[in-house]
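I have placed the structure first, in the form of structure tokens, so that the comments after it can refer back to it.
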Amino acid sequence: MRIATWNVNSVKARLSNVLDWLRSAEPDVAVLQEIKCETEAFPRFEFEALGYRLLVHGQKSYNGVALISKHPIEDPMTGLEGDDGDAQARYVEGTVKGVRVCGLYLPNGNPAGTEKYDYKLAWMDRLHRRAGTLLAAGRPFVMGGDFNVIPEERDAADPHAWVGDALFLLETRRRYRALTHLGLTDSWRALNPTATGYSFWDYQGQAWQADNGIRIDHLLASPELADRLETCVIDREPRGRDKASDHTPVVATVSE
DNA sequence: ATGGCTATCACGGATAGA
């Protein structure tokens, strides 16, 4: 079973690129971030034509996430618990073939020292609580998405450029580490322990051409799922295309 | 580098991203 995450940066602007990739990579399940459209405006037909079922949680203009699956999606859920006043569409959850798949778009948080950063940290605390709840259930799950967290210096081509940034601040990384300390496994890092790999390259400054990237898109596997991990790769191909998203997909394979 | 690209909304330029 192939599980993917991809921040597409607008599902409408990226439609042909996303569909092309789905046809070639054939993930069983994928979580998409920054669809940037309302739920009703998601290009449902085009995805269904490729055999995908959809769980969409959108909003106008910004954010928006989706879970797409070749298999039935059971117990669908949208929104991350813990703040009834949070109107931003950043979280979706559903069970596919016995695996609880969580798709998330973690707040960017810049600039640090503002309410935006406070929102990011609070959101991470809520995610931590959700992970604890799922761990207590004892069933396999994966939290995948754009975490907007550079876990370590080696996850940035130019780590000094990120000092003071909300993606790399100690408080941010500490909270990410709290998730792994709960027992979640960073799938790509676990299977590529000494490799360098990035999942995002800025549109500016020739970042892609210079491979000046950061690794911020992650698939965190629960212990039950980590035992089944076979491969995890960052697929750089879509990033090199015309009209590319600034993120590229991360794909894990788990035994059934 | 004072984020020098991109998408959205809405039709100019602000807002957000990372």
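In what follows, chains are A, B, ... by sequence order, proteins preceding strands, each numbered from 1.
- Regarding A:Glu115, its CD atom lies at a distance of 10 Å from the P atom of B:dA16, rounded to whole Å.
- Comparing the C1' positions of B:dG12 and B:dA7 gives an interatomic distance of 15 Å, to the nearest angstrom.
- Counting any heavy atom pair closer than 4.0 Å across all strands shown, A:Arg215 reaches no nucleic acid atom.
- Backbone-only contact: A:Gly205 has heavy atoms under 4.0 Å from sugar-phosphate atoms and none from a base.
- Residue-level contact check: A:Lys243 touches the backbone only, with heavy atoms under 4.0 Å from sugar-phosphate atoms and none from bases.
- Residue contacts for A:Phe168: at a heavy-atom cut-off of 4.0 Å it reaches no nucleic acid atom on any strand shown.
- Rounded to a whole Å, the CZ atom of A:Arg239 is 12 Å from the P atom of B:dC5.
- Whole-Å rounding puts the A:Glu34 CD to B:dT15 C1' distance at 13 Å.
- Identified under the ring pair (Phe, Tyr, Trp, His ring centres under 6.0 Å) test for residues 52-76 of chain A, with sequence neighbours left out: none.
- Taking a 4.0 Å limit (strictly below) on heavy-atom distances, residues 148-158 of chain A reaches DNA chain B at A:Asn148.
- Of the two residues near DNA chain B, A:Tyr203 and A:Asp246, the one whose nearest nucleotide lies more 5' is A:Tyr203.
- Residues A:Asn17 and A:Asp242 share a closest heavy-atom pair of ND2-O, 3.1 Å.
- A distance of 6.0 Å separates OG1 of A:Thr5 from CG of A:Leu219, quoted to the nearest 0.5 Å.
- Contacts of A:Trp21 classified as ring pair (Phe, Tyr, Trp, His ring centres under 6.0 Å), with partners at least two apart in sequence or in another chain: A:Trp6.
- The CG-C1' distance, from A:Asn110 to B:dT15, rounds to 15 Å in whole Å.
- If you take CZ of A:Arg90 and P of B:dA16, they are 11 Å apart, rounded to a whole angstrom.
- Using a 4.0 Å heavy-atom distance criterion, A:Asp146 is classed as a sugar-phosphate-only contact.
- For the pair A:Arg90 and A:Tyr105, the cation sits on the ring face: its NZ or CZ lies under 6.0 Å from the ring centre, inside 45° of the axis.
- When heavy atoms are screened at a 4.0 angstrom cut-off, A:Asn7 is found touching the sugar-phosphate backbone but no base atom.
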Footprint string (nucleotides 8-13 of chain B, 5' to 3'): B base within contact, S backbone only, - free, heavy atoms under 4.0 Å: SS----
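- One can place CG of A:Asn17 at 14 Å from C1' of B:dA7, the figure rounded to the nearest angstrom.
- Within the structure, ring pair (Phe, Tyr, Trp, His ring centres under 6.0 Å) contacts touching residues 225-256 of chain A (residues at least two apart or in different chains) are A:Phe200-A:His247.
- If you take CZ of A:Phe200 and C1' of B:dA16, they are 12 Å apart, rounded to a whole angstrom.
- Straight-line distance between the P atoms of B:dG4 and B:dA10: roughly 24 Å, to the nearest whole Å.
- Looking at residues two or more places apart in sequence or on another chain, you find no salt bridge (Lys or Arg N to Asp or Glu O under 4.0 Å) involving A:Arg177.
- Between A:Arg14 and B:dT6, a side-chain N or O to OP1/OP2 separation shorter than 4.0 Å is absent.
- Remark: A:Tyr117 engages no residue in a ring pair (Phe, Tyr, Trp, His ring centres under 6.0 Å) (not counting sequence neighbours).
- Counting to the nearest Å, the P atom of B:dA7 and the CG atom of A:Asn63 are 17 Å from each other.
- Within the structure, ring pair (Phe, Tyr, Trp, His ring centres under 6.0 Å) contacts touching residues 129-159 of chain A (residues at least two apart or in different chains) are A:Phe147-A:Tyr176, A:Phe147-A:His218.
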Under 3.5 Å, which donor-acceptor pairs link side chains of residues 248-256 of chain A to any protein atom two or more places apart or in another chain?
residue, atom, partner, partner atom, Å
A:Thr248, OG1, A:Asp235, O, 2.7
A:Thr253, OG1, A:Thr231, OG1, 2.8
A:Glu256, OE1, A:Lys97, NZ, 2.9
A:Glu256, OE2, A:Met1, N, 3.3

